[in-house]
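Below is one structure, written out as structure tokens; comments come after it.
Counting from 1, the numbers follow the sequence of the chain as shown. Not measured: the values here are computed from a predicted model. Atoms considered below: every heavy atom in the structure, side chains included; atoms not considered: hydrogens, waters and symmetry mates.
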Amino acid sequence: NHPQLDSALVFLLNPNLGGAIITGHEVHQGNHMRSGLIEHICIDPDGPKCYCGNHGCLETYCSANALKVTAGMPIKDHLAFAIRNLNLVIDSPVIISGYLAPYFLDADMQYLLNKVNEGSLFQMTEDQLLIGNHGQYTPAIGAALYYIKEFLTPVVS
């Protein structure tokens, strides 16, 4: 949905948090298929216990399940913290996708962008913070596209 982007960092705000790193128009999988596991990045070692057994994982602050448990949690502040730090590692646009993405309004995105840029040496611009188009179906579509590409490759070659 964003063919102009060669690379991007994707935050999947689903019942459980997820993520992906896109480089060269492909999902970067890593050596052990663990690339993009942003949900277990610790943002507060004294924070809530995560299902992985550690404390303060991004999962415990920004997933839809975490928000159900703790209504009123400042998701956008924690999300901005994660985006700002991950953007230092992967200098690319960020796509907010998944179950919660359709509920982000323009005002929410502006607030998020302001929080990302607050105290940051490198400012993100509006065109670098995007909303995905497929909501909760993003992972399923991404998985299906892999197999469609594999199926069509012999025909095209």
Side-chain angles (χ1 to χ4, degrees), residues 1-30 33-52 54-143:
N1 292 317
H2 301 284
Q4 77 281 13
L5 300 180
D6 175 64
S7 61
L9 178 61
V10 181
F11 282 77
L12 294 167
L13 302 179
N14 285 328
N16 287 100
L17 188 64
I21 298 168
I22 299 170
T23 57
H25 299 284
E26 299 283 333
V27 174
H28 183 271
Q29 296 177 1
M33 302 291 287
R34 293 190 298 253
S35 184
L37 291 177
I38 62 170
E39 60 268 31
H40 296 297
I41 293 172
C42 179
I43 63 170
D44 180 5
D46 297 320
K49 188 170 185 175
C50 181
Y51 66 84
C52 73
N54 291 320
H55 290 267
C57 293
L58 196 56
E59 164 74 24
T60 64
Y61 290 98
C62 295
S63 69
N65 285 342
L67 294 175
K68 281 187 213 175
V69 172
T70 311
M73 187 179 285
I75 179 175
K76 290 178 279 189
D77 292 357
H78 295 297
L79 188 57
F81 177 84
I83 290 170
R84 179 177 39 239
N85 285 304
L86 287 170
N87 197 251
L88 292 172
V89 176
I90 303 161
D91 180 21
S92 68
V94 172
I95 301 171
I96 305 296
S97 194
Y99 177 78
L100 294 179
Y103 300 103
F104 273 68
L105 305 173
D106 288 341
D108 296 319
M109 293 301 286
Q110 189 59 53
Y111 177 89
L112 185 59
L113 181 64
N114 290 340
K115 281 293 186 181
V116 167
N117 287 333
E118 192 175 274
S120 177
L121 294 173
F122 307 102
Q123 302 291 294
M124 286 185 79
T125 56
E126 286 183 24
D127 64 325
Q128 294 175 303
L129 188 60
L130 308 164
I131 290 284
N133 299 328
H134 298 297
Q136 65 185 348
Y137 302 109
T138 300
I141 292 169

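Expressed to the nearest 0.5 Å, how far CG of L100 lies from CD1 of I131 amounts to 10.0 Å. Here CG of L130 is found 13.0 Å from CZ of F104. Values are rounded to the nearest 0.5 Å. Atom CD1 of I21 and atom CD1 of I38 lie 9.0 Å apart (nearest 0.5 Å). Residue R84 holds its CZ atom at 11.0 Å from CG of L86, rounded to the nearest 0.5 Å.
Pairs of residues two or more places apart, or lying in two chains, that qualify as salt bridge (charged side-chain N to carboxylate O under 4.0 Å, His left out) and include a residue from residues 118-133 are K115-E118. Evaluation of the salt bridge (charged side-chain N to carboxylate O under 4.0 Å, His left out) test over residues 133-143, restricted to residues two or more places apart or in two chains, returns none. Residue pairs satisfying the side-chain hydrogen bond (donor to acceptor under 3.5 Å, both in side chains) criterion with at least one member in residues 95-112, sequence neighbours excluded, are listed as follows: K76-D108, D77-Y111, S97-T138, Q110-N114. Pairs passing the salt bridge (charged side-chain N to carboxylate O under 4.0 Å, His left out) check and including a residue from residues 37-49, sequence neighbours excluded, do not occur.
With sequence neighbours excluded, no residue forms a salt bridge (Lys or Arg N to Asp or Glu O under 4.0 Å) with D91. H25 meets the side-chain contact (heavy atoms from CB on, under 4.5 Å) test with D6; sequence neighbours excluded. N16 meets the side-chain contact (heavy atoms from CB on, under 4.5 Å) test with Y51, E59, N65; sequence neighbours excluded. Residues forming a side-chain contact (heavy atoms from CB on, under 4.5 Å) with Q4 (at least two apart in sequence, or on another chain): H2. Considering only residues two or more places apart in sequence or on other chains, E26 meets the side chain to side chain donor-acceptor pair (under 3.5 Å) condition with K149. The side-chain contact (heavy atoms from CB on, under 4.5 Å) test applied to C52 returns H40, C50, N54, C57, not counting sequence neighbours. Considering only residues two or more places apart in sequence or on other chains, S35 meets the side chain to side chain donor-acceptor pair (under 3.5 Å) condition with H28. Every residue was checked against the side chain to side chain donor-acceptor pair (under 3.5 Å) condition with H55, not counting sequence neighbours, and none meets it.
At a threshold of 4.5 Å between non-hydrogen side-chain atoms, the residues N85 and I41 do not count as touching. Side-chain contact between L58 and L17 is present, with at least one heavy-atom pair separated by less than 4.5 Å. The closest side-chain heavy-atom distance from I83 to I96 is below 4.5 Å. Contact of the N87 side chain with the L9 side chain is not registered, since no non-hydrogen atoms from C-beta on lie closer than 4.5 Å.
Taking both residues in full, the closest heavy atoms of P93 and L5 are given as CG-CD2, 3.5 Å, listed atom of the first, atom of the second, then distance.
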